[in-house]
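Remarks on the structure that follows.
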Amino acid sequence: MAGNKITAYLGFARRAGKLTLGVNAACCARGVRLLVADLSASENTKKEIEKLARKFSCPVVWTEGLEELTGKASCKLAALREEHLARAILESSGKAE
């Protein structure tokens, strides 16, 4: 059930232009509120994601099947730039602050 909600929230953010997909694209993004990362990422990619979390001072939600959630092949990171949707994803994943 939480996966369906996360899928919906990521879809809303994508349509609003508030979602950046991919580690390299996220490096250049501004105003990132939440990182959604795939557990199947390589160790080097996980280190890069942790660096980005420190850079943006934002939480990371680790999930499985991010490719299916975003609809983009080989996607290992989604950077969300909308505060309300980020909070909703945190709540639905059980990691609300």
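This one's a predicted model, so the numbers in the text were calculated from it and none came from an experiment. Numbers here are sequence positions counted from 1.
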Determine, stepwise, if the pair Leu35 / Leu80 fulfils side-chain contact (heavy atoms from CB on, under 4.5 Å).
CA-CA 6 Å; Leu35 297 173; Leu80 191 63; over 6 Å; no

Take Glu91 and Arg87, measure what salt bridge (charged side-chain N to carboxylate O under 4.0 Å, His left out) needs, and give me the verdict at the end.
CA-CA 6 Å; Glu91 288 173 2; Arg87 191 174 324 128; 5.4 Å; no

Could you give me the CA-CA distance, side-chain angles and deciding distance for Asn44 and Ser42, then say whether side chain to side chain donor-acceptor pair (under 3.5 Å) is met?
CA-CA 5 Å; Asn44 286 338; Ser42 69; 5.5 Å; no

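Here the CZ atom belonging to Phe12 is positioned 8.0 Å from the CG atom belonging to Leu85, to the nearest 0.5 angstrom. In this structure, CG on Leu10 lies 15.0 Å from NZ on Lys18, to the nearest 0.5 angstrom.
Across every non-hydrogen atom of Glu48 and Val23, the tightest pair is CB-CG1, 4.0 Å. Of all non-hydrogen atoms in Gly22 and Cys75, the two that sit nearest each other are N-SG, 4.4 Å. For the pair Lys55 and Cys27, the tightest heavy-atom approach, listed with the atom from each and the gap, is NZ-O, 2.6 Å. In plain terms, the two heavy atoms of Ser92 and Ile6 that are nearest each other are OG-CG1, 3.7 Å.
Put simply, the side chain of Lys76 never gets that close to the backbone of Leu21: no donor and acceptor are under 3.5 Å apart. Looking at Ser93, its side chain does come within 3.5 Å of a backbone N or O of Ile89 through a donor-acceptor pair. Checked by atom type and distance alone, the side chain of Lys5 never pairs as donor or acceptor with a backbone atom of Ala88 at under 3.5 Å. Checking side-chain atoms of Arg81 against main-chain N and O of Gly17 turns up a donor-acceptor pair under 3.5 Å.
In terms of the side-chain contact (heavy atoms from CB on, under 4.5 Å) criterion, residue partners of Arg54 (sequence neighbours excluded) are, by chain and number, Glu50, Lys51. Every residue two or more places apart in sequence or in another chain that forms a side-chain contact (heavy atoms from CB on, under 4.5 Å) with Ala37 is listed here: Ile49, Val60, Trp62, Leu77.
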Donor-acceptor contacts under 3.5 Å from residues 64-72 side chains, at least two apart:
unit_1 : atom_1 : unit_2 : atom_2 : d
Glu67  : OE2    : Ser74  : N      : 3.2
Thr70  : OG1    : Leu66  : O      : 3.0
Thr70  : OG1    : Lys72  : N      : 3.4

